[in-house]
Amino acid sequence: MALLALFDRFVDGLVAIVRLVCIVLATALFVIVIAAIVARYGFGRAVSWTEEVPRYLLIWVSFLGAAVCVLKREHVGFELLFDSLPPRLRRATAIFIGLLILGFGWITFRYGIVFVEDFGSDLMETIPYTNYWYYPAMPVSGFLIMVFAVKLILDAWRGVVEAPTSNIPTAE
C-alpha cells in the first residue's frame, strides 16, 4: 500500500507540473498573438513567426491537456450508463476502459517516437529551427496517458471508481 500511495503522490505531482506547463505555454501563446496583432495593425508590420509559434504552442497545450483529462475522466463518456451498472460490473468496466486507454497511450507514445524520428529534422516554415522541439508533444502525451491510465486501473482495482467531475454549471 505504501507503494500505491507513493505512486498516487507521483501522479499528483506530475499533474501539477503538466498544469503549470500548460499555463505557461497558454500565456506565451496569448502574449505572442497579442504582439502579432499590435505589430500588424498598430505598426503595419507582420512578424512572420507569430503565426507559426502559437500553432506549435497550441499543439503542446492540446496534447498535454488531453493527457490530464484522461486522469480527471473529462473526455467523452457515458456517465449515465456507467453509473447505472452494479458495483462489480462498474469496477470491471473501469478496469477494461483503463486498459483501452493504456493501449491508446502506448500507440500514441510508440508512433509519436517514430514521427519524431522521421520528421523531427525538418525545418520549420518561418524560423530556422528543426521540428524537434514541438513534435515530441505526441510521445510525451502518450507517456502521460499511459501513466494516468495505470492510475485509473489501480484505482478501479482498489474499488475507487469515481464519477467524472463536470465543470459545466447546472440549473438546480
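What you see is a predicted model; the values in this text were computed from it and never measured. By convention here, the first residue in the shown sequence is residue 1. Below, all heavy atoms of this structure are taken into account, side chains as well, without hydrogens, waters or symmetry copies.
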Are [Y] and [X] connected in a single hydrophobic cluster, I mean Ile/Leu/Val/Met/Phe/Trp/Tyr linked by side-chain heavy atoms less than 4.5 Å apart?
X	Y	answer
Phe143	Phe10	yes
Ile107	Leu152	no
Val31	Val24	no
Phe43	Ile34	yes
Val21	Val15	yes

Tell me, which pairs form a side-chain hydrogen bond (donor to acceptor under 3.5 Å, both in side chains) where one or both residues lie in [range], sequence neighbours left out?
range	answer
residues 9-32	none
residues 98-113	none
residues 34-46	none

Sub-4.5 Å side-chain heavy-atom contact between [X] and [Y]:
X	Y	result
Ile127	Val53	yes
Ile113	Phe109	yes
Phe119	Asn131	no

For Asp8, what residues pass the salt bridge (Lys or Arg N to Asp or Glu O under 4.0 Å) criterion, not counting sequence neighbours?
Lys151, Arg158
Qualifying residues under salt bridge (Lys or Arg N to Asp or Glu O under 4.0 Å), relative to Glu117, sequence neighbours excluded
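Counting only residues at least two positions away or on another chain, Glu117 forms no salt bridge (Lys or Arg N to Asp or Glu O under 4.0 Å).
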Return the set of residues passing ring-ring contact (aromatic ring centres under 6.0 Å, His included) with Tyr134 (not counting sequence neighbours), or none when no residue passes.
Tyr56
If the condition is side chain to side chain contact (heavy atoms under 4.5 Å, CB included), which residues does Phe63 pass it with, not counting sequence neighbours?
Ile59, Ala137, Met138, Ser141
Under the side chain to side chain contact (heavy atoms under 4.5 Å, CB included) test, residues paired with Ile97 that sit two or more places apart:
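Per chain and number, Ile97 pairs via side chain to side chain contact (heavy atoms under 4.5 Å, CB included) with Thr93, Ile101.
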Carefully, step by step, assess Phe104 and Leu99 under the rule side chain to side chain contact (heavy atoms under 4.5 Å, CB included).
CA-CA 9 Å; Phe104 175 78; Leu99 289 170; over 6 Å; no
Are Val140 and Trp60 close enough, and set up right, to give a side chain to side chain contact (heavy atoms under 4.5 Å, CB included), and what steps lead you there?
CA-CA 9 Å; Val140 167; Trp60 270 99; 4.1 Å; yes
Output the rest of the hydrophobic cluster of Ile23: all Ile, Leu, Val, Met, Phe, Trp and Tyr residues reachable through side-chain heavy-atom contacts under 4.5 Å, sorted by chain and number.
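Via sub-4.5 Å side-chain contacts, Ile23 links to none.
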Going by chain and number, the hydrophobic cluster around Phe96 (ILVMFWY, side chain to side chain under 4.5 Å) further includes Leu100
Minimum heavy-atom distance between [X] and [Y], given as atom pair plus value:
X	Y	answer
Ile95	Ala156	CG1-CB, 3.5 Å
Cys22	Gly65	SG-N, 4.1 Å
Ala67	Phe148	O-CD1, 3.1 Å
Ile145	Gly105	CG2-CA, 3.6 Å

Take Leu64 and Val68, measure what side chain to side chain contact (heavy atoms under 4.5 Å, CB included) needs, and give me the verdict at the end.
CA-CA 7 Å; Leu64 293 175; Val68 171; 5.9 Å; no
Option passing side chain to side chain contact (heavy atoms under 4.5 Å, CB included) with Pro139 (candidates Val116, Leu144, Val114)
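The single option meeting the side chain to side chain contact (heavy atoms under 4.5 Å, CB included) with Pro139 is Val116.
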Applying side-chain hydrogen bond (donor to acceptor under 3.5 Å, both in side chains), name anything that partners Tyr135, two or more places apart in sequence or on another chain.
none
Restricting to side-chain hydrogen bond (donor to acceptor under 3.5 Å, both in side chains), what partner residues turn up for Thr126, sequence neighbours left out?
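Only Glu52 meet the side-chain hydrogen bond (donor to acceptor under 3.5 Å, both in side chains) criterion with Thr126.
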Rounded to the nearest 0.5 angstrom, the CZ-CG distance for Phe82 and Leu89 is 9.0 Å
